[in-house]
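Here's the structure, in structure tokens; my notes come after.
Note that this is a predicted model, so its numbers are computed, not measured.
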Amino acid sequence: MKRLLITICGRAGSKGFRNKNLKTFCERPLVYYTLSAAMLFKAERPDIAVDICLNTDSALLVELVKGKYPEVTYIQREAALSGDAVPKMAVFQQSLREMERKTGKQYNYVMDLDITSPLRTAKDVQNAFEEKEKRQDLDLVFSVTESRRNPYFNMVKKVGDHVEKVISSPFTARQQAPEIYDLNASIYVFERKFLAENKTGILWDGKIGVTKMMDTGILDIDSEEDFRLMEVIAKYLYEQYPDFAAVRNSMRK
């Protein structure tokens with residue numbers, strides 16, 4: 001049986017949006033949305049041995065998770081990995097090392113689910129994992145949304161006293177340009193070997209594939225305004241899309 005480690009990583013504090021990992025989103029703890037999506041995925045794939053860990057230096061976040069999801073394994077984040085500039089790859093690697101030490105077993109894949117992506121469906125998680133599962137040539141699959149702007153066609157950069165297209169091209173319509181995606185940092189699925197052996201902390205060292213998510217379902221939560229806008233979007237999605245509502249309705253109360 002293949003083994004998958006799901007990591008949920010959140011440090012204490014945040015300069016951009018203070019204590020964002022501890023926030024209450026639409027009357028539920030923000031981290032519970034990620035946990036609920038993970039549990040729904042786990043239920044759909046009984047053929048895979050799935051472990052879930054929380055990597056954090058926040059005692060309050062540990063308490064919040066353990067209160068409803070006691071089966072989640074707690075990994076104390078190393079002090080050296082708690083700074084603003086630390087590559088998240090290093091946190092994933094610590095989680096992998098510690099979980100393999102605790103379980104005595106080796107995982108085949110590591111999947112990270114970001115806490116600040118509450119509008120992620122169980123199907124999004126399944127799609128990401130299945131894309132990596134069927135593409136053994138890939139080192140990593142991450143989630144994206146379709147970009148609203150294209151650097152080959154309708155994006156410009158400042159050059160001296162004027163602007164030019166970001167990428168020089170002859171295209172006169174967006175449909176002629178290559179497909180462009182926005183990274184949304186919601187889901188990462190790693191091949192264990194690539195993650196364990198990476199020395200640079202740079203994702204682009206590997207061969208990467210993508211899985212698409214609904215663009216109106218994801219915003220980067222970097223401010224109070226982002227957070228409140230996301231709640232407005234969420235209420236609409238819960239009413240119109242059963243897959244979004246299922247994550248909220250399935251979380252433990």
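You'll find the ring centres of F194 and W204 outside the 6.0 Å limit.
For the side chain to side chain contact (heavy atoms under 4.5 Å, CB included) test with M89, the passing option among D205, I202, N198 is N198; the others fail.
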Decide side chain to side chain contact (heavy atoms under 4.5 Å, CB included) for L113 and T7; before the verdict, give the C-alpha distance in whole Å, the side-chain angles of both, and the deciding distance to 0.1 Å.
CA-CA 6 Å; L113 302 179; T7 62; over 6 Å; no
Checking Y109 against F190 for the ring pair (Phe, Tyr, Trp, His ring centres under 6.0 Å) test, could you report, in this order, the C-alpha distance in whole Å, the side-chain angles of both residues, the deciding distance, and whether it holds?
CA-CA 6 Å; Y109 309 101; F190 291 92; over 10 Å; no
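Contact annotation: the side chain of I6 approaches that of F41 to within less than 4.5 Å [non-hydrogen atoms, C-beta and beyond]. The shortest distance between side-chain heavy atoms of L35 and V65 falls below 4.5 Å. Here the side chains of I187 and F142 are not in contact, with every heavy-atom distance at 4.5 Å or above. Residues Y152 and P178 form a side-chain contact, since some pair of their non-hydrogen atoms from C-beta on lies under 4.5 Å apart. Residues C9 and T56 have side chains not in contact (no heavy-atom distance under 4.5 Å, counting atoms from C-beta outward). Between M213 and S186, the closest side-chain pair of non-hydrogen atoms falls below 4.5 Å.
Both cation-pi conditions hold for R248 and Y238: the charged atom is under 6.0 angstrom from the six-membered ring centre and inside a 45 degree cone around its axis.
Taking every heavy atom of both residues into account, G201 and P87 meet most closely at O-CB, 3.9 Å.
Q240 places no side-chain N or O within 3.5 Å of a backbone atom of L237 that could act as its donor or acceptor partner. Side-chain atoms of S36 come within 3.5 Å of backbone N or O of V247 as a donor-acceptor pair. Checked by atom type and distance alone, the side chain of E131 never pairs as donor or acceptor with a backbone atom of V141 at under 3.5 Å. When atom types are taken as modelled, the side chain of R252 and the backbone of K68 share a donor-acceptor pair closer than 3.5 angstrom.
Between K157 and E164, none of the side-chain N atoms (NZ, or NE/NH1/NH2) sits under 4.0 Å from a carboxylate O, so this pair counts as no salt bridge. Ionic pairing of E98 and K102 is not present here: no N-O contact between side-chain nitrogen and carboxylate oxygen is shorter than 4.0 angstrom.
For E179, the CD atom counts as loosely surrounded, since its 6.0 Å shell holds 12 or fewer non-hydrogen atoms of other residues, nucleotides or ligands.
Judged purely by distance below 3.5 Å, without hydrogens or angles, the side chains of R120 and T34 pair a donor atom with an acceptor atom. Using modelled atom types, one finds a donor on one side chain and an acceptor on the other under 3.5 Å when comparing N184 with S143. For the residue pair E71 / Y69, no side-chain donor-acceptor distance below 3.5 Å is found, with atom types taken as modelled. Using modelled atom types, one finds a donor on one side chain and an acceptor on the other under 3.5 Å when comparing N55 with R77. Defined by atom type and a distance below 3.5 Å, a donor-acceptor pair is present between the side-chain atoms of Y107 and D51.
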